[in-house]
Amino acid sequence: MLRTKRLVLRPLRAGDEGWITRHIADPEVHRWLTSVPHPYAAADGAAFIERFAGRPGTLALVADDVPCGVLTIEHASRLADDRPAAWELGYWLRRAHWGRGLMTEAAEAAIRHHRAEHGATLHSGWITGNAGSARVLAKLGFQGPTHSEERYAFFHGRPVTVERVILPADAPFPPQHDPADAHPAHP
């Protein structure tokens, strides 16, 4: 479990499937995710919890006792068979919590913890057009885009362009910013 000024980052657990299903099903959240089934049903939320509950690299974000998102730092190959065995940062946040700097705050804490344990380069990315995620990753010091790739997105029913970035293991961290600095933005 990790704590920040405004958040608790805790492992997923039984019972989380309800709020996860409800908020991923929001089209404004779901459209920015590539590997999430569409439509997203209760069985998908249950399968996600069964697969990832208790894993130290997959965390629920809780603000004021309200679960509001999920953050992962996992080997990408554990998330999908077609992904490399490289550390990958992924995340989503329920819409009511956008634009408040919460994801930057959560990711900074998770990256600091990851670096202390693994010291490895992190990879991440965003679907082209997701300005909110682009800002989060820039504030965290990710470099790039290094390249673009096409990934199938179930919500869209077709491949979408994903802009890829990296945070080298030797890059200064944390970057110089105020993680609680909110930017009015929508992904």
Side-chain angles (χ1 to χ4, degrees), residues 1-74 78-79 87-118 122 124 126 130-142 155 167 173-175 177-187:
M1 183 178 314
L2 302 172
R3 292 186 186 278
T4 71
K5 181 178 177 182
R6 300 178 292 168
L7 296 165
V8 172
L9 285 70
R10 62 158 174 79
L12 293 176
R13 59 186 181 218
D16 284 337
E17 60 274 6
W19 65 265
I20 287 172
T21 300
R22 190 169 49 256
H23 294 294
I24 283 182
D26 177 343
E28 290 302 310
V29 173
H30 199 171
R31 73 186 188 129
W32 301 115
L33 305 172
T34 57
S35 60
V36 176
H38 180 73
Y40 198 81
D44 299 309
F48 181 75
I49 294 302
E50 184 177 320
R51 183 173 177 196
F52 291 100
R55 288 174 60 158
T58 303
L59 302 168
L61 282 60
V62 181
D64 298 322
D65 297 322
V66 176
C68 58
V70 173
L71 180 145
T72 62
I73 298 181
E74 295 268 0
R78 293 182 194 156
L79 303 172
W87 289 103
E88 175 96 7
L89 169 68
Y91 51 84
W92 65 268
L93 193 63
R94 65 187 275 189
R95 192 170 8 159
H97 287 77
W98 289 356
R100 296 172 25 196
L102 292 173
M103 189 53 71
T104 304
E105 183 177 326
E108 189 172 303
I111 292 168
R112 186 177 292 111
H113 179 75
H114 173 79
R115 278 189 162 196
E117 289 198 4
H118 303 285
L122 281 175
S124 195
W126 65 89
N130 188 338
S133 277
R135 274 192 298 280
V136 166
L137 294 168
K139 288 190 288 183
L140 292 167
F142 278 78
F155 179 84
L167 181 62
F173 196 81
H177 74 280
D178 178 359
D181 184 23
H183 295 276
H186 300 283

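For reference, positions follow the sequence shown, starting with 1.
The minimum heavy-atom distance between Gly54 and Pro11, with the atom names listed, is CA-CB, 4.0 Å. Across all their heavy atoms, Asp65 and Pro67 have their closest contact at O-CD, 3.8 Å. Listed here is the closest heavy atom pair of Leu9 and Ala110: CD2-CB, 4.4 Å. Between Thr21 and Gly45, the closest heavy-atom pair is OG1-CA, 3.4 Å. Minimum heavy-atom separation, Leu102 to His97: CD1-CD2, 3.6 Å. Ile24 and Val29 get closest at one heavy-atom pair: CA-CG1, 4.3 Å.
Contact of the Leu167 side chain with the Arg115 side chain is registered, since non-hydrogen atoms from C-beta on lie closer than 4.5 Å. Side-chain contact between Trp19 and Val66 is absent, with no heavy atoms from C-beta onward closer than 4.5 Å. At a threshold of 4.5 Å between non-hydrogen side-chain atoms, the residues Thr104 and Arg135 do not count as touching. Within the 4.5 Å cutoff, no side-chain heavy atoms of Val136 are placed close to those of Trp126.
Checking side-chain atoms of Glu17 against main-chain N and O of Gly15 turns up a donor-acceptor pair under 3.5 Å. Of the possible donor and acceptor atoms, none in the side chain of Glu28 sits under 3.5 Å from a partner among the backbone N and O of Arg95. For Asp16 (side chain) and Arg13 (main-chain N/O), a donor-acceptor pair under 3.5 Å exists by modelled atom type.
To the nearest 0.5 Å, the span separating CD on Glu105 from NZ on Lys139 amounts to 10.5 Å. To the nearest 0.5 Å, atom CG of residue Leu7 and atom CG of residue Asp64 are 8.5 Å apart. Here Leu71 contributes atom CG and Leu89 contributes atom CG; the two are 5.5 Å apart, rounded to the nearest 0.5 Å. Rounding to the nearest 0.5 Å places CZ of Arg112 at 10.5 Å from CG of Leu140. In this structure, Thr58 OG1 and Glu74 CD are separated by 4.0 Å, a value rounded to the nearest 0.5 Å. In this structure, NE2 on His30 lies 11.0 Å from CH2 on Trp92, to the nearest 0.5 angstrom.
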Determine, stepwise, if the pair Glu108 / Phe173 fulfils side-chain contact (heavy atoms from CB on, under 4.5 Å).
-> CA-CA 9 Å; Glu108 189 172 303; Phe173 196 81; 3.7 Å; yes

Is there a side-chain contact (heavy atoms from CB on, under 4.5 Å) between Ser133 and Trp32 once you walk through the steps?
-> CA-CA 9 Å; Ser133 277; Trp32 301 115; over 6 Å; no

Could you give me the CA-CA distance, side-chain angles and deciding distance for Arg55 and Leu12, then say whether side-chain contact (heavy atoms from CB on, under 4.5 Å) is met?
-> CA-CA 7 Å; Arg55 288 174 60 158; Leu12 293 176; over 6 Å; no

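Residues passing the side-chain contact (heavy atoms from CB on, under 4.5 Å) test with Glu88, sequence neighbours excluded: Ala76, Arg83, His123, Arg164. Annotation: ring pair (Phe, Tyr, Trp, His ring centres under 6.0 Å) contacts of His118 (sequence neighbours excluded): Trp87, His114.
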